[in-house]
Asks: 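So that we are looking at the same thing, I have put the structure below in structure tokens.
As the structure is a prediction and not an experimental result, all values here were calculated from the model. Reminder, nothing fancy here: chain letters follow the sequence lines and each chain counts from 1.
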There are 2 protein chains.
Amino acid sequence: MSDRPFHHGNLRAALLDEAMSVVRESGVDALSLRELARRVGVSHAAPRSHFADRQALLDDLAEAGFRRLTSEVRRAVDGRHDVRERFLRVAHAYVDFAIDDAALMDLMFQTGAASRPDAVSDAARDLFDTLDSAMGPRVAGTDEGARDTFKMLFAASMQGIAALVAAHRLARADGDRLVGDAMEMMLGSDLAARTVNAR
Amino acid sequence: MSDRPFHHGNLRAALLDEAMSVVRESGVDALSLRELARRVGVSHAAPRSHFADRQALLDDLAEAGFRRLTSEVRRAVDGRHDVRERFLRVAHAYVDFAIDDAALMDLMFQTGAASRPDAVSDAARDLFDTLDSAMGPRVAGTDEGARDTFKMLFAASMQGIAALVAAHRLARADGDRLVGDAMEMMLGSDLAARTVNAR
DNA sequence: ACCTGAACACCGTTCAAGT
DNA sequence: ACCTGAACACCGTTCAAGT
């Protein structure tokens, strides 16, 4: 039925799929466009029709990562109303993602990338907006700056715990426990009382 | 005076020096052994006499990074006795290092490196031991587990804040402010009362 | 519009050979 | 002991050409 290559029309998606699993299994450094093309069964120059260069493909992976993490965070709070439970579930979702997809996380939060494509920035903004929603409704007269501080402190803690686990400076079980400790500390703070409905 | 190459005897150090500045200015990906050799004025195969492979050189850079950060932390607490002041100074030293040498930090806390050379692990252990000392003397009957939790939470927060700044998700000034907020939150916690002499 | 094949300028790594 | 030069097997990227 097909004397035409089966990738007709979806080579782009096939390359992204393959790239995602290479990154997951072997890290970003192991990702080669030529090997990707080989795996998918096209010539080494074929990817160029869909991605301007290697970095463009990496940017697409980063965007997909942000979108997936965003939906994980949404799923974590879905239907939950207790503030502590919401925070704990979001924290674990965030850290689990960052550990299981550590290489992808590196791609998403790349050091030194002065500016990134709009698609990536937009996906990143969506994530932080979703984190804000996950913090629950604002109390009357909430200080937006303080709430932002709380949000970034939350993100930084989770990012940091995940980084230490991914770098094997912390066992995974210790990381899990640390997430709980961090949440307890954060929710017990004055800042939480002023920004989050921690009752 | 020198018909012999001027690197006689210290090519190794010259390569490490050059490598460190390339990493600092252009990131790890931009580091090529062949270009390093060119810059230093030796043949492309010469580095092989001093480093088994590219990763071995990267490991040496990571070790040097841990040692430098350790001494920065020591300098930060040197002669200071007030607990809050000590913590704040260490936190800023840590975050400043992690931002200014973000690429080196990536090398030090490499994701997915299951095991690293002893020299790197030892240097990393020295850093965390120094962080522990920086937390000040133990109160009588200190819960060591809780103190460890506090230390790792401290490290994770700083690591996370630095990561967000390095990834340009946070302006540097906001990161600086966040360090202060994180310290206030941490030192005001129950955990701090039980583990650190926060008076 | 999408893909191929040849070409170019790079890599890391190996190894026999030089001093 | 330390370094060189040639060689090998890879890269990313470009571009004319095919369909």
Side-chain angles (χ1 to χ4, degrees), chain A residues 1-23 25-62 103 106-107 110 112-113 116-117 120, chain B residues 1-23 25-62 103 106-107 110 112-113 116-117 120:
Chain A
M1 251 101 201
S2 62
D3 41 342
R4 306 214 43 177
F6 79 98
H7 285 301
H8 178 71
N10 65 350
L11 174 58
R12 182 191 173 83
L15 288 168
L16 281 173
D17 270 17
E18 200 64 37
M20 194 64 95
S21 67
V22 170
V23 166
E25 285 159 28
S26 320
V28 183
D29 289 351
L31 186 73
S32 134
L33 288 183
R34 288 179 101 112
E35 198 201 338
L36 231 49
R38 245 177 271 128
R39 289 208 201 197
V40 168
V42 292
S43 85
H44 68 262
R48 248 339 251 318
S49 318
H50 300 280
F51 304 97
D53 54 22
R54 188 176 183 271
Q55 187 55 50
L57 187 147
L58 262 30
D59 287 336
D60 270 26
L61 290 181
D106 285 348
L107 234 35
Q110 223 168 48
R116 312 201 65 180
V120 179
Chain B
M1 249 97 202
S2 61
D3 41 342
R4 305 215 45 178
F6 79 97
H7 285 300
H8 178 70
N10 64 350
L11 173 58
R12 181 191 173 84
L15 288 168
L16 281 173
D17 270 18
E18 201 63 38
M20 192 65 94
S21 67
V22 169
V23 166
E25 285 159 29
S26 320
V28 182
D29 289 350
L31 186 72
S32 134
L33 287 183
R34 288 179 101 111
E35 199 202 338
L36 231 50
R38 245 177 270 127
R39 288 209 202 196
V40 168
V42 293
S43 84
H44 67 262
R48 251 336 255 318
S49 319
H50 300 279
F51 304 97
D53 55 20
R54 189 177 182 271
Q55 186 57 49
L57 187 146
L58 263 30
D59 287 336
D60 270 27
L61 290 182
D106 285 347
L107 233 36
Q110 224 168 48
R116 313 202 64 180
V120 179

Asks: Would you please confirm or rule out a distance under 4.0 Å between OP1 or OP2 of dC11(C) and any side-chain N or O of Ser32(B)?
Replies: yes
Asks: In whole angstroms, how far is the P atom of dG12(C) from the CZ atom of Phe51(B)?
Replies: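 Whole-Å distance recorded here is 14 Å.
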Asks: Rounded off to whole Å, could you give me the CG-to-C1' distance for the Leu57(A) and dG12(D) pair?
Replies: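 Distance check: Leu57(A) CG to dG12(D) C1' gives 13 Å.
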Asks: How close do Phe51(A) and Leu16(A) get, counting heavy atoms only, and between which atoms?
Replies: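 Here Phe51(A) and Leu16(A) meet closest at CZ-CG, 3.8 Å.
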Asks: With both distances kept under 3.5 Å, what pairs with dC3(C), Watson-Crick or G-U wobble?
Replies: none
Asks: Any non-hydrogen side-chain atom of Val28(A) less than 4.5 Å from a side-chain atom of Leu61(A)?
Replies: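 Contact flag for Val28(A)/Leu61(A) side chains = no.
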Asks: Tell me the partner of dA9(C), counting only Watson-Crick (N1-N3 plus N6-O4 or O6-N4) or G-U wobble (N1-O2 and O6-N3) with both under 3.5 Å; none if nothing fits.
Replies: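 The answer is none; no pair meets the criterion.
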Asks: Can you see if the side chain of His50(A) gets near the phosphate of dA1(C) - specifically, an N or O under 4.0 Å from OP1 or OP2?
Replies: no
Asks: Would you kindly give the CZ-to-P distance between Arg12(A) and dC3(C), to the nearest whole Å?
Replies: 12 Å
Asks: Checking Ser21(B) side chain against Glu18(B) main chain: does a donor-acceptor pair fall under 3.5 Å?
Replies: yes
Asks: Does a distance-only test, which skips hydrogens and angles, find a donor-acceptor pair under 3.5 Å between the side chain of Arg48(B) and the base of dT4(D)?
Replies: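 Donor-acceptor pair under 3.5 Å: no.
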Asks: Whole angstroms only, please: what is the CZ-C1' distance between Arg34(A) and dA9(D)?
Replies: 11 Å
Asks: In whole Å, what is the span from the CG atom of Leu33(A) to the P atom of dC10(D)?
Replies: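 Rounded to the whole Å, the gap is 16 Å.
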Asks: Whole angstrom is fine here: how far is it from CG in Leu11(B) over to P in dT19(C)?
Replies: 19 Å
Asks: Can you check whether Ser49(A) has a side-chain N or O nearer than 4.0 Å to OP1 or OP2 of dA1(C)?
Replies: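 For dA1(C), OP1/OP2 do not have a side-chain N/O of Ser49(A) under 4.0 Å.
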Asks: Arg54(A) or His44(B): which one's nearest nucleotide on DNA chain D is closer to the 5' end?
Replies: His44(B)
Asks: From the list dT4(D), dC11(C), dT14(D), which nucleotide is the closest neighbour of the side chain of Glu35(B)?
Replies: dC11(C)
Asks: Rounded to whole angstrom units, what separation is found between the CG atom of Asp29(B) and the C1' atom of dC10(C)?
Replies: 15 Å
Asks: State which residue, out of Leu107(A), Val23(A), Asp53(A), fulfils the side chain to side chain contact (heavy atoms under 4.5 Å, CB included) condition with Leu58(A).
Replies: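 Among the candidates, only Leu107(A) passes.
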Asks: Quick one: is dC11(C) close enough that its OP1 or OP2 comes under 4.0 Å of any side-chain N or O from Arg38(B)?
Replies: yes
Asks: Using atom CG of Leu36(A) as one end and atom P of dC10(D) as the other, report the distance to the nearest whole Å.
Replies: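 Spelled out: CG on Leu36(A) to P on dC10(D) is 16 Å.
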Asks: Using both distances under 3.5 Å as the test, list the Watson-Crick or G-U wobble partner of dA17(D), or none.
Replies: none
Asks: Could you check Glu35(B) against Val22(B) for side chain to side chain contact (heavy atoms under 4.5 Å, CB included), going step by step and ending with a plain yes or no?
Replies: CA-CA 10 Å; Glu35(B) 199 202 338; Val22(B) 169; 5.6 Å; no
